[in-house]
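For the numbers below, each heavy atom of this structure counts, side chains included, while hydrogens, waters and symmetry mates do not.
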Amino acid sequence: MSHKLTPFPNLLEPLDLGWVTVRNRTLMGSMHLGLEEEKGGMEKLAAFYAERARGGVGIIVTGGIAPNVAGWVAPFGGRMSSKRHANKHKIVTDAVHNAGGLICMQILHTGRYGYHPFNVSASKIQAPINPFKPKALSSRKVWKTIKDYANSAYYAQLAGYDGVEIMGSEGYLINQFFCERTNHRTDEWGGSLENRARLAIETVKQTRAKVGEKFIIIYRLSMLDLVEGGATWDEVVYLAKEIEKAGATIINTGIGWHEARVPTIATSVPRAAFTWITQKMKSQVSIPLITTNRINTPEVAEKVLADGHADMVSMARPFLADADFVQKAAENKPQEINTCIGCNQACLDHIFQKKRVTCLVNPRACYETELNFHPSTLKKKLAVVGAGPAGLAFSSYAAERGHEVHLFDDAAEIGGQFNIAKQIPGKEEFYETLRYFDVRLKNAGVNLHLNTRVNASDLAQSDFDEVVLATGIKPRMPAIPGVNHEKVLSYLDVLRDKVPVGKKVAVIGAGGIGFDVSEYLVEKHSLTTDPEKWLKNWGIDKDFANPGALIPCQVEAPEREVYLLQRKASKVGKDLGKTTGWIHRAALKQKRVQMINNVSYEKIDDAGLHIKINDEDTVLNVDHIVVCAGQEPLRELQQAVQQAGKKVHLIGGADVASELDAKRAIRQGAELAAEI
């Protein structure tokens, strides 16, 4: 890759570590993929990482591997503590090296986050996000744990890894020892700063002694705990300096504990929102520093490095979204990058559901050995109706395989439901997905017909070999007396057609769309584009005056008074994403949205919305009622086209209508394109 003419000179500049040179300034951050424990998982992992190495990543860091049984993420989780374990990993390291990359294994001891009954910590204090209470490690067991880290690094070296990352952040074991929040000990591992820092420092020292000089040791330092009782800035600086002395090669930035009530990686977090904390550390240590979180384009990464915030950037999910991210930047084709939108739906949410990780915008991620798009031996002429996520994915992959694809949509732009999603405050990243598909359709040679409404007879009389209906959904209108009243709007009226909405609003339906509409109605402008305001809104203190860098939240007044209603008796928003649902609920609470469950809708008239809450009658005197009560598949073309003898496929919302399910729609489009 020639870097001479690149617009990303800082990003693509090699980093000399003395005995080894990293080819550029990118680090693929650690992600647990769910492949580690699958049958044949190591082969799949090898294919996954090799593809990213071929795509140009500087250093890959694996998902967290435990140094001992007590450190497991969950029972029988990944562990590196014997020669037998090391041998299993050779297939992964060989694959990455053959593809020209460097790979480090993350050593992760979960401490009190371990999802099993034999987890341990500094003190016997249960994590609010884990049903299992930890045992406090004895002093002898602490020394044994340090030895286990060093041995784990030694076996990683035997397995062919170029280094290790010692996980000292995110509220895991080492972090638990360092912070007074979780360390109430009175022995040599607790009390004073020196005692609380001892586990981290001794771990790095003994690891360095065990692996020798020519082995990368990255230490992931929690620079912002974002929890009460977290570290102070002076304590963080002290630990960074000691870690450097102890023999670390590089320090990586950790942001926030898993139990912190502050979003750190969701799509509503501004890009590069936390690089200022790494910059603050730059003057304190002399080894390279890595910064992280919501860096998802080469332009953002380049600016972070050019501004001197760090020496490297860590991007995890962006390499799920596009294995060739670095290669495309080096070839000056950033517009061809499939950008991570920070949705968490197919990555983090999957891990918490014990499913394999993949990516909403890239269904091939972690399926490199199973989902492939070979050139077609039988070229077909295909009609695709609907340029939403399913239609876009199918058309791109099918055309890239060599089929002649004609994509029809009656709108003036591609995107379907994505054009609605991108207008929600905090969901601006959807613009990137549409930019990516726009470029990809052109490159693949898809024949795009916008502003074109096709009917069944057109398709029936055409010479298309097969027809793919990706026509999406239509909103469902509930059978409430007075539902045709002028106060009633559908979510499409509000988000797509920009119908003016009054100051008092009831939203019927508390699924993903109900939450989106509520956020749209209460936010004056998106905080995603105003990092300073966003930090204040969530109570993050750039001056770091208090432990954990927290201050009271400074929230702007809401634009409207909103009631978010649902029929079910369950918690409002219970079915939202596992890792993002709490953020949506917290954001609406900040804006004083009243979330009410167990509602039955009686009627709508001039007085407003008549409802029963727990069998008590009440009237919501609102200006408008916005209906977000689910969807139905739009399949009006199917029958007539099939009767004309054409083969018809249904994908996306036209197949199953459910809450803007782009993840399933894109995967379905891809899978059909692979076999058609």
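Contact check for Val656 versus Pro633: no side-chain heavy atoms found under the 4.5 Å cut-off. Between Pro389 and Ile666 there is a side-chain heavy-atom pair separated by less than 4.5 Å. Residues Ile676 and Phe394 are in side-chain contact: their nearest non-hydrogen atoms beyond the backbone lie under 4.5 Å apart. Side-chain contact between Gln638 and Leu469 is present, with heavy atoms from C-beta onward closer than 4.5 Å. Side-chain contact between Lys578 and Ile351 is absent, with no heavy atoms from C-beta onward closer than 4.5 Å. Taking 4.5 Å as the limit, every side-chain heavy atom of Asn598 sits out of range of all side-chain heavy atoms of Ile613.
The line from CZ of Phe325 to OG1 of Thr297 is 6.0 Å long, rounded to the nearest 0.5 Å. In this structure, OG on Ser268 lies 9.5 Å from CD on Glu428, to the nearest 0.5 angstrom. Put simply, CD1 on Ile583 and CD1 on Ile265 are 8.0 Å apart, with the number rounded to the nearest 0.5 Å. We find the CD-NE2 distance between Glu559 and His525 to be 9.0 Å, quoted to the nearest 0.5 Å. Going from atom CD of Glu466 over to atom CG of Leu459 covers 13.0 Å, rounded to the nearest 0.5 Å. A distance of 6.5 Å separates CZ in Arg294 from SG in Cys340, rounded to the nearest 0.5 Å.
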* To do: Verify side chain to side chain contact (heavy atoms under 4.5 Å, CB included) between Thr291 and Phe274, making sure each step is shown before the conclusion.
  => CA-CA 8 Å; Thr291 197; Phe274 297 105; 5.9 Å; no

* Please test Glu413 against Arg496 for salt bridge (Lys or Arg N to Asp or Glu O under 4.0 Å), starting from the C-alpha separation and ending with a verdict. => CA-CA 13 Å; Glu413 57 182 343; Arg496 184 190 65 196; over 6 Å; no

* side chain to side chain contact (heavy atoms under 4.5 Å, CB included) evaluation trace for Asp541 with Leu550 -> CA-CA 5 Å; Asp541 177 19; Leu550 294 175; over 6 Å; no

* To do: Verify side chain to side chain contact (heavy atoms under 4.5 Å, CB included) between Val483 and Tyr601, making sure each step is shown before the conclusion.
  => CA-CA 10 Å; Val483 77; Tyr601 308 109; over 6 Å; no

* Begin from the C-alpha positions of His485 and Lys603 and carry the test side-chain hydrogen bond (donor to acceptor under 3.5 Å, both in side chains) through to its verdict. => CA-CA 10 Å; His485 193 281; Lys603 64 174 180 178; over 6 Å; no

* **Leu609/Leu565 under side chain to side chain contact (heavy atoms under 4.5 Å, CB included): CA gap, chis, key distance, verdict** => CA-CA 11 Å; Leu609 177 61; Leu565 313 171; 3.5 Å; yes

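Atom NZ of Lys380 is surrounded by more than 12 heavy atoms from other residues, nucleotides or ligands within 6.0 Å. Atom CD of Gln353 sits in a crowded spot, with more than 12 heavy atoms from other residues, nucleotides or ligands closer than 6.0 Å. The 12-atom threshold is exceeded at CZ of Arg435, counting heavy atoms of other residues, nucleotides or ligands nearer than 6.0 Å.
Looking at Asp497, its side chain never comes within 3.5 Å of a backbone N or O of Val499 through a donor-acceptor pair. Looking at Lys646, its side chain does come within 3.5 Å of a backbone N or O of Phe464 through a donor-acceptor pair. Using modelled atom types, no side-chain atom of Asp655 and backbone atom of Gly652 make a donor-acceptor pair closer than 3.5 Å. Lys504 places no side-chain N or O within donor-acceptor distance of the main-chain N or O of Arg560, the cut-off being under 3.5 Å. Counting only distance, with no hydrogens or angles, the side chain of Thr529 and the backbone of Leu527 share no donor-acceptor pair below 3.5 Å. A distance-only check finds no donor-acceptor pair linking the side chain of Asp409 to the backbone of Ile414 [under 3.5 Å]. Between the side chain of Lys542 and the backbone N or O of Glu532, no donor-acceptor pair lies under 3.5 Å.
Glu429 and Asn296 form a side-chain donor-acceptor contact under 3.5 Å, judged by distance and modelled atom types alone. No side-chain donor from either of Lys589 and His584 sits under 3.5 Å from a side-chain acceptor of the other. When only modelled atom types and interatomic distance are considered, Asp349 and Thr579 share a side-chain donor-acceptor pair under 3.5 Å. Arg364 and Asn372 are linked by a side-chain donor-acceptor pair at a separation below 3.5 angstrom, with hydrogens and angles left out of the test. For the 3.5 Å distance criterion, the side chains of Glu404 and Asn447 fail to qualify, holding no donor opposite an acceptor. Side-chain contact check for Asp605 and His610: at least one donor-acceptor pair (N or O, by modelled atom type) lies under 3.5 Å. Arg271 and Thr528 share no donor-acceptor pair across their side chains, judged by distance under 3.5 Å alone. Between Thr618 and Glu616, the side chains place no donor N or O within less than 3.5 Å of an acceptor N or O (distance only, hydrogens not considered). Donor-acceptor pairing under 3.5 Å is lacking for the side chains of Asp465 and His403.
The pair Arg476-Glu632 counts as a salt bridge, with a side-chain nitrogen and a carboxylate oxygen less than 4.0 angstrom apart. The pair Lys381-Asp463 counts as a salt bridge, with a side-chain nitrogen and a carboxylate oxygen less than 4.0 angstrom apart. Taking a cutoff of 4.0 Å between a charged side-chain nitrogen and a carboxylate oxygen, Glu519 and Lys591 do not qualify as a salt bridge. Between Lys328 and Asp322 a salt bridge is recorded (basic side-chain N to carboxylate O distance below 4.0 Å). Note on Glu671 versus Arg667: salt bridge recorded, some NZ/NE/NH1/NH2 to OD/OE distance being below 4.0 Å. Using a cutoff of 4.0 Å between basic side-chain nitrogens and carboxylate oxygens, Arg356 and Glu370 are scored as salt-bridged. A salt bridge links Asp661 to Arg664: at least one charged side-chain nitrogen sits closer than 4.0 Å to a carboxylate oxygen.
Each of Gln590, Lys536, Lys524, Lys533 was evaluated against Glu556; a single residue qualifies, Lys533, per the side chain to side chain donor-acceptor pair (under 3.5 Å) test.
For Ala398 against Val405, the heavy-atom pair with the smallest separation is CB-CG2, 3.9 Å. Minimum interatomic distance between Asn338 and Ala321 (heavy atoms only, all atoms of both residues): O-CB, 3.3 Å. The two residues Phe515 and Gly573 come nearest to each other via the heavy atoms CE1-CA, 3.6 Å.
Aromatic ring pairs are classed by plane angle as parallel below 30°, tilted from 30° to 60° and perpendicular above 60°; the pair His406 and Phe408 is parallel. The aromatic rings of Phe373 and Tyr397 lie parallel to each other, with less than 30° between the two planes, well short of the 60° mark.
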